[in-house]
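Data first, discussion second: the structure below is written as structure tokens.
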Amino acid sequence: MHSEATLLIRNADLLVTMDDHRRELPGGGLFVRGNRIVQVGASKDLPETADQIIDASGCVVLPGLINTHHHMYQSLTRCVPGAQDCELFDWLQRLYPIWAGLTPEMINVSTQTAMAELILSGCTTSSDHLYIYPNGCRLEDSIEAAQQIGMRFHACRGSMSVGESKGGLPPDRVVESEQAILADSQRLIETWHDANDGAMLRIALAPCSPFSVSQDLMRESAAMARSYGVGLHTHLAETLRDVAYSQERFGRTPAQYAEELGWTGRGTWHAHCVCLDDHGIGLFALTHTGVAHCPSSNMRLGSGIAPIRKMRAAGVPVGLGVDGSASNDAGHLLAEARQALLLARVLGNPGGMTAREALEIATRGGAEALSRDDIGQLAPGKCADIAAFNLQGIDHAGALHDPLAALVFCAPTKVSLAVINGRVIARDGQLLAIDLPVLLERHNRLARTLLSGN
């Protein structure tokens, strides 16, 4: 049983609920019992005592941000020489041989580092798409990292089964047999997946992409996911080359390919969708299929601009993703919300996305894409996942007339307070569960080892 300790956060300059009424409460606060929010409102109307009381004066308090797409192991291979100026396929071909040297320790340490970076940016829930398993690596290497740091986690059992010899993109030495992939997928679901409301750990099945797995694996993964009630995740329509590959190899657009293989519906979400056509947008809206928008990665690789305004207008659930640290090369989710806002405007529409829409995508949108209604807002009964940002520094000077907009428009800042499942995970900008300098020393040492093998 979760401890029924109480937590009171009060006197926020602004409390942003993202509830069904999108209330923004100056001087607001909230009261938590155990891992659930009990009361949200004006600080004067909240209980006066609690086991832990936090004064949020000078802060904007909002729901913990939700990251819907990442490859956390890639934090070991940021801005690798030779991959800094490539488009997607060339970038992958440069990095696959390096990633073939990954070890279980590297997966664990890189996942903790990526999660630490996310939490310090206000993120409390993250998915991770681990699709390469050399040298005895297992998804447990990521799961254990999440449990050590205390992050709410959607662990995606990724996979690649079609290597170069079969017309795929990855080298044969980093792909697995489909029988082994499906057996391990079933094992992971039965061992780790928590379907309950408020779950800290969920499993999703995530064959990597149309150019690295077979149609059979896509179909069988979808059938398994449906039978167990777990999520489905993959990359889709990321670049024009990606679309051309689907049309040449399968005679289908990416959206048609997804529909035919059972990859639409609630609980299924696709990363990028930069080149999703009108048919695909309509299909995703109709079936409530989610999209993980990764603006920084899409810009970094020259992939293009996803039609997010059109998707949201149609009713597609859109969340935000930092994507892998080898293609971003950051894991700051608040910075990603800012990039989403700027990218929506860059072609000439200054109203293409507002600050409030950007934060909505980063909170409620992410929850919807992951098919969760227990996170993404500050409301009674919801999980106590909370982020607070102090706006009293130089980055926000002169912007305090609209603290919410300041958070998005001004330079991205680190979180002051992070609460996950009712537990204070970061306070005064410092992580409580791990010794960050020690972790970073290990991480940088392992990154040197990984790169020196190539």
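This structure is a prediction, so every number in the text was calculated from the model and none was measured. Along the sequence shown, residues are numbered consecutively beginning with 1.
Looking only at atom types and distance, the side chain of Arg226 has a donor-acceptor partner in the side chain of Thr268 under 3.5 Å away. In summary, the side chains of Asp323 and Gln74 do not present any donor paired with an acceptor at a separation below 3.5 Å, with no hydrogens or angles considered. Side-chain N/O atoms of Ser127 and His233 include no donor and acceptor closer than 3.5 Å. Using a 3.5 Å distance cut-off with no hydrogens or angles, the side chains of Ser161 and Glu178 do pair a donor with an acceptor.
Residues Glu105 and Arg442 are paired through a salt bridge, judged by an N-O separation under 4.0 Å between the basic side chain and the carboxylate. Between Arg445 and Glu441, at least one side-chain nitrogen of the basic residue sits less than 4.0 Å from a carboxylate oxygen of the acidic one, meeting the salt-bridge criterion. The pair Glu144-Arg138 does not meet the salt-bridge criterion, since no charged nitrogen lies less than 4.0 angstrom from a carboxylate oxygen.
Under the rule for a ring-ring contact (aromatic ring centres under 6.0 Å, His included), the partners of Tyr257 that lie at least two apart in sequence or sit in another chain are Phe250. Residues forming a salt bridge (Lys or Arg N to Asp or Glu O under 4.0 Å) with Asp216 (at least two apart in sequence, or on another chain): Arg219.
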Intermediate values then yes/no, side-chain contact (heavy atoms from CB on, under 4.5 Å), Leu431 and Ile425
CA-CA 6 Å; Leu431 287 161; Ile425 300 294; 4.3 Å; yes
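Note on residues 151-181: no pairs pass ring pair (Phe, Tyr, Trp, His ring centres under 6.0 Å), not counting sequence neighbours.
Here His235 and Phe211 keep their ring centres 6.0 angstrom or further from each other.
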